[in-house]
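Notes for the one structure printed next.
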Amino acid sequence: MVLIRRVSSTFPRVFAFANRSLCSLNSPGESLDLPTSSSFTHGIHVFHCPDAMGIVAKLSECIASRGGNILGADIFVPENKNVFYSRSQFLFDPCKWPRMQMDEDFLKISKTFNAWKSVVRVPDQDPKYKIAILASKQDHCLVDLLHHWQGGKLPVEITCVISNHDRAPNTHVMRFLERHGIAYHYLHTYNDNKREGEILELVKNTDFLVLARYMQVLSGSFLRSYRNDVINIHHGLLPSFKGSNPSKQAFNAGVKLIGATSHFVTEELDAGPIIEQMVERVSHRDNLQSFVQKSETLEKQCLTNAIKSYCELRVLPYEENRTVVF
C-alpha cells in the first residue's frame, strides 16, 4: 500500500476510503484549572503519522500552551507497523486560541512528524457536514435519519434525498421533506442507465453521501468522480442469504443471530472498510414479522452510529481495507 503524505486541516475528503493496542489518556500530570466559562468550546484533533518518540508530548504541549485542556485522548500504535494514530478532545477559549492559529499550530506539528493526516474540528464554529441521502423503496433507514436530524442528533445538513422510487406526495416521507425544505429527486434507473451523471450533479457540493438502503450499485467511475466518502448500510445476513427477500430466507433457515453492517463504499461490492457492526439474537419464538423488525432496527441504529462516528472524527483508515474507530 502506498501512503501519500498529505496534511489536511479540513474535513471534506477526510479519509477517501472510496479511493483506497488501544489505550486512553487522561489529562497530563500537572493539574490545570479546568475552564468553566461559557466562552470555552470543544475541539477535536485527529493525527495519523509514522510512529516516533514525543508525539503525544508535542500534541499535549500544543493544546496546553494555548490555555486548552485535554478532556480525553485515544492512542493506537499497532505492533510492528511504525504508525501512530490519535484522537484528542479538548476545551479551549476561542479568544485566546483563534481557529486560524489553531490550524497553524497543528500544521507545525504535522510537518515535524511528517503526518499523513492531521484534521481539526471545532463543532460549534465549523459548518455542518453537507450530505445527500440515497434511498430506494424501503424507507426505515431514511425515516430514522430524518428524525435524528430533526432532533439535532446528527451534526449534518441534509441537502437532498435522491431515490429511484417515486413516492406519492401525501406519504410521511414526502410531507416531512416538504415541511423542512429538503428537496426530493426521483430518478428512475434502468439496467443500462443508473442516472449517475445526474446524481453527481446533485451531490457535487456535499461532503459525503449516505446510502440508506439504496438498492443500486454505484460504479467505480461514479466513486472516482465523486471523490468523497460514501457510507452504506446492509443487513448482516450477507453473504449467506442473497437475492430477493433475504430476511425470509434467513428466517426459514432458523438463524440464531442477525446483524447489520455499515461500511464505506468501494468498487468491490459490500466489501469496503467497516465502520460499525451490530448483532442481536433471535429464536424460535420470533415470527417473520418480529424477525424483520429486529433486523430493520439494527440497520437503523448501525447506520446512525456510523454517521455519528464519522462526523466526530472517530474513524481513521488502517491498512488496505480496515479502520480504526476510536
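For the numbers below, each heavy atom of this structure counts, side chains included, while hydrogens, waters and symmetry mates do not. Remember, it's a predicted structure, so these values are computed and weren't measured experimentally.
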Nearest heavy-atom neighbours spanning Cys49 and Ala115: CB-CA, 3.6 Å
Results of salt bridge (charged side-chain N to carboxylate O under 4.0 Å, His left out) for Asp105 - residues two or more places apart only: Arg66
Atom pair CE (Met102) and CZ (Phe92), whose distance is rounded to the nearest 0.5 Å: 3.5 Å
Leu313 side chain near Phe326 side chain, heavy-atom distance below 4.5 Å: no
Tyr85 side chain to Val324 backbone, donor-acceptor under 3.5 Å: no
For Asn80, side chain to side chain donor-acceptor pair (under 3.5 Å) partners two or more places apart: none
Between Thr304 and Asp144, a side-chain donor and acceptor under 3.5 Å: yes
Close side-chain approach of His45 and Ile109, heavy atoms under 4.5 Å: no
Side chains of Tyr226 and Thr206 in contact at under 4.5 Å (non-hydrogen atoms): yes
Rounded distance (nearest 0.5 Å) linking atom CE of Met278 with atom CD1 of Ile258: 11.0 Å
Presence of salt bridge, Arg314 and Glu312, under 4.0 angstrom: yes
pair Thr41-Pro123: side-chain heavy atoms closer than 4.5 Å: no
Pairwise distance NZ(Lys248) to CG(Leu288) - rounded to 0.5 angstrom: 7.0 Å
Spacing of Ile44 atom CD1 and Arg87 atom CZ [to the nearest 0.5 Å]: 4.5 Å
All side chain to side chain donor-acceptor pair (under 3.5 Å) counterparts of Asp192, not counting sequence neighbours: none
Side chain to side chain contact (heavy atoms under 4.5 Å, CB included) partners of Asp126, counting only residues at least two apart: Arg99, Arg121, Val122
Within 6.0 angstrom of Glu178 CD, more than 12 heavy atoms from elsewhere: no
Residues, nucleotides or ligands: over 12 heavy atoms within 6.0 Å of Lys294 NZ: yes
Student check: side-chain heavy atoms of Lys194 and Phe222 closer than 4.5 Å: no
Under 4.5 Å side-chain linkage, directly or through intermediates, the cluster mates of Met215: none
Any residue meeting side chain to side chain contact (heavy atoms under 4.5 Å, CB included) with Asn164, in chain and number order, not counting sequence neighbours: Ser136, Thr189, Tyr214, Gln216
hydrophobic_cluster_shared for Leu223 and Leu200, side chain cutoff 4.5 Å: yes
Parallel, tilted or perpendicular, as decided by the 30° and 60° cut-offs, for the rings of Phe106 and Trp97: tilted
Inter-residue atom distance Tyr310.OH - Ile131.CD1, 0.5 Å rounding: 11.0 Å
Pair Phe76 + Tyr318: ring centers closer than 6.0 Å: yes
Side-chain touch His48/Val83, heavy atoms, less than 4.5 angstrom: yes
Glu196 side chain to Ser219 side chain, donor-acceptor N/O pair below 3.5 angstrom: yes
Same apolar cluster: Ile274 and Leu269, side chain cutoff 4.5 Å: no
NE2-CG distance between His165 and Leu142, expressed to the nearest 0.5 angstrom: 11.0 Å
Beyond-backbone contact of Leu71 with His42, side-chain heavy atoms, under 4.5 angstrom: yes
More than 12 heavy atoms of other groups within 6.0 Å of Arg281 CZ: no
Validation row: Leu211, Leu218 side chains within 4.5 angstrom (heavy atoms): yes
